[in-house]
Amino acid sequence: MNTSRICAIDVGNDSVKALFGKLDYELNIPNVIAVSTEDRPVIGIEELNDKDPIEGIHIRVHSPVLNDNNIIYRVGSLATKSDNATELDPGSNKSEEDQTLVMLFATLALDAVREENSELFKKNNNIIDANYTLGTGLPLREVKEGKDVGYRSQLLGSVHQVEFLVTPKYQGLKVNIKFEEVKIYPEGFAAYINLIMDNDLNIINRDLVDKSILIQDIGGLSTDVAVIKNRNVDDDKAQGFNLGVSEALESIREEIRLKHGVELDSRRDVVDIITRKNDRNHIMVNGSRTSVHDITDRILLDLAKKEYRHLRNVWQKNSQTEICYFVGGGAIVLKEYIKTLNNNLNGYNIEFFEDEKESIWMMANAYHKLISDFVRKNKKDIKSNEVVKQKVEK
């Protein structure tokens with residue numbers, strides 16, 4: 001029987017962040033897919049196998065939980081170069097989209113085929129049987145609507161297969177994915193866990209433990225505002241909104257196309273233009289460095305005002321709140337705009353993470369802490385039961 005490998009996966013709107021095992025491997029893949037054909041042109045098989053598999057993910061995905069089954073996809077960076085590339089749409093439910101599942105299965109398959117896991121997972125005739133214990137999450141709104149239950153049962157109840165087609169190093173391999181256990185956490189609660197605890201779930205931020213705090217997680221498709229009191233998320237007062245940065249990024253992308261005639265491959269390209277250290281808010285037009293400040297400032301300031309309104313409304317209903325932490329990829333995009341709004345008004349006590357990687361990886365880190373703790377406790381329970389059983393048999 002295969003050993004189950006721990007994995008923590010945050011299927012974010014911009015990208016999938018995944019942590020495996022005892023933090024021995026991580027993946028970050030753009031959340032973009034494109035329906036493809038079985039063959040794709042490459043120059044020489046030798047050259048193909050010298051490339052990074054992450055840059056050439058070309059797969060067929062089979063799972064009874066997919067609405068469109070047995071479809072061939074280009075995934076991640078490879079998909080961004082396709083004319084028919086798709087990203088998650090604003091207003092969609094993460095738990096009900098094929099794209100969420102395709103990205104999840106592709107990420108797991110990329111871990112399962114690694115040489116480092118050859119002794120962990122059984123391989124027979126190019127088919128690898130991989131077993132995972134998964135920690136992941138859904139927006140607060142979807143959890144409050146009970147969508148986590150169906151999502152979990154879909155994952156647990158089936159075998160999901162990923163076949164690598166013209167993918168560097170892994171061409172011709174198939175991975176059968178099964179789940180030993182699946183834990184789905186509300187994203188706001190996960191952020192809180194990551195704020196106060198280390199990887200062994202020891203408290204590292206005692207100042208926050210007994211405070212009343214808000215955590216505003218701004219994603220691509222949604223915003224969660226978690227209300228933390230007495231070390232617990234207040235489910236009744238926590239709120240989720242269908243508001244994220246995706247629509248704004250898409251608007252910026254379209255206006256750049258119309259005004260400057262420049263086609264950007266994906267929303268990730270827009271994020272890079274907005275957040276990079278050098279030449280921020282500039283693009284190249286016919287070889288000339290050109291500012292797009294007028295476009296980005298107008299659209300992002302409008303979104304920041306909407307996000308700030310949500311903060312104000314939730315804070316008013318929770319008047320004893322002491323601080324609000326802004327987390328998530330969307331918070332990085334909107335940070336300067338929200339700070340400016342807050343400074344120009346009476347202002348709340350708000351905090352952003354200056355370490356952008358920490359903010360982007362916060363959910364994946366939290367899921368890893370939570371699922372690792374679950375596995376530890378489960379092993380203790382099994383050992384305790386065995387001790388009791390042995391005593392009874394004596």
Side-chain angles (χ1 to χ4, degrees), residues 6-19 29 31 33 63 65-67 87-108 132-158 160 177 179 181-195 214-228 232-246 310 327-331 359-374:
I6 287 176
C7 58
I9 301 181
D10 171 24
V11 185
N13 178 255
D14 175 64
S15 66
V16 175
K17 280 76 66 178
L19 297 166
I29 305 170
N31 190 351
I33 63 173
S63 170
V65 306
L66 293 168
N67 294 314
E87 299 174 77
L88 290 171
D89 293 324
S92 62
N93 288 315
K94 190 186 285 190
S95 58
E96 297 174 347
E97 292 290 328
D98 272 6
Q99 181 155 341
T100 304
L101 295 167
V102 169
M103 293 302 303
L104 183 74
F105 299 150
T107 302
L108 290 165
Y132 286 96
T133 297
L134 170 67
T136 188
L138 288 174
L140 188 63
R141 176 182 56 81
E142 292 188 51
V143 174
K144 288 182 83 168
E145 291 172 4
K147 296 185 186 298
D148 56 319
V149 178
Y151 185 56
R152 177 177 180 271
S153 65
Q154 279 189 320
L155 293 174
L156 273 174
S158 306
H160 320 278
I177 298 164
F179 294 101
E181 180 57 274
V182 174
K183 290 289 184 182
I184 298 172
Y185 306 101
E187 290 174 348
F189 170 69
Y192 175 63
I193 289 295
N194 204 61
L195 278 171
L214 302 180
I215 298 173
Q216 188 152 336
D217 175 22
I218 305 175
L221 302 177
S222 63
T223 294
D224 286 345
V225 186
V227 181
I228 314 292
N232 291 303
V233 176
D234 188 327
D235 291 331
D236 294 327
K237 294 193 174 181
Q239 294 189 48
F241 306 97
N242 274 328
L243 179 70
V245 295
S246 292
H310 284 315
V327 302
S359 188
I360 290 169
W361 282 84
M362 181 167 282
M363 294 304 165
N365 281 324
Y367 302 151
H368 192 272
K369 291 173 185 180
L370 290 163
I371 196 65
S372 298
D373 186 57
F374 166 79

Given side chain to side chain contact (heavy atoms under 4.5 Å, CB included), test Val16 with Leu104 step by step and report yes or no. CA-CA 8 Å; Val16 175; Leu104 183 74; over 6 Å; no
Before giving the answer on side chain to side chain contact (heavy atoms under 4.5 Å, CB included), spell out for Val227 and Leu214 the whole-Å C-alpha distance, their side-chain angles and the decisive distance to 0.1 Å. CA-CA 5 Å; Val227 181; Leu214 302 180; 3.7 Å; yes
Side chain to side chain contact (heavy atoms under 4.5 Å, CB included) for Glu181 and Arg152? Distances and angles first, verdict last. CA-CA 9 Å; Glu181 180 57 274; Arg152 177 177 180 271; 2.6 Å; yes
Derivation and outcome, side chain to side chain contact (heavy atoms under 4.5 Å, CB included), residues Ile360 and Lys17: CA-CA 8 Å; Ile360 290 169; Lys17 280 76 66 178; 4.0 Å; yes
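A donor-acceptor pair under 3.5 Å links the side-chain atoms of Asn31 to the main chain of Gly12, judged by distance alone. With hydrogens and angles ignored, the 3.5 Å screen pairs no side-chain donor or acceptor of Ser372 with any backbone N or O of Lys369.
Partner Leu138 forms a side chain to side chain contact (heavy atoms under 4.5 Å, CB included) with one of Thr100, Val11, Asn93, Asp148 and no other, that one being Asp148.
Rounded to the nearest 0.5 angstrom, Lys147 NZ and Ile184 CD1 are separated by 13.0 Å. One finds the CG atom of Asn13 at 8.5 Å from the CD atom of Gln99 (value rounded to the nearest 0.5 Å). If you take NZ on Lys183 and OG1 on Thr136, they are separated by 13.5 Å, rounding to the nearest 0.5 Å. Atom-to-atom distance recorded for Thr107:OG1 and Ile177:CD1 is 9.0 Å, nearest 0.5 angstrom. Here the straight-line distance linking atom OH of Tyr185 with atom CG of Leu370 works out to 5.0 Å at 0.5 Å rounding. Note that CG of Asp234 is 10.5 Å distant from CD of Gln239, once rounded to the nearest 0.5 Å.
Within the 4.5 Å cutoff, no side-chain heavy atoms of Leu19 are placed close to those of Tyr367. The shortest side-chain heavy-atom distance between Ile9 and Leu108 falls under the 4.5 Å cut-off. A 4.5 Å side-chain heavy-atom check between Glu97 and Val102 finds every atom pair outside the cut-off. Put simply, the side chain of Asp217 does not reach to within 4.5 Å of the side chain of Thr223, judged on heavy atoms. With a 4.5 Å cut-off on side-chain heavy atoms, Leu101 and Tyr151 count as touching.
In this structure, Ser246 and Leu221 approach most closely via the heavy-atom pair OG-CD2, 3.7 Å. In terms of heavy-atom proximity, Gln154 sits nearest to Val65 at O-CG1, 3.3 Å. Closest approach of Asp98 to Asn67, counting heavy atoms only: OD1-N, 2.9 Å. For the pair Gly240 and Asp224, the tightest heavy-atom approach, listed with the atom from each and the gap, is CA-OD1, 3.7 Å. Nearest heavy atom pair, residue Ser95 against residue Glu142, reads OG-OE1, 2.5 Å. Annotation for Ile371 and Leu134: closest pair CD1-O, 3.5 Å, computed over non-hydrogen atoms.
For Phe241, the ring pair (Phe, Tyr, Trp, His ring centres under 6.0 Å) test picks out His310, with sequence neighbours left out.
The aromatic rings of Phe105 and His160 sit parallel to each other, their planes meeting at less than 30°, with 60° as the upper class boundary.
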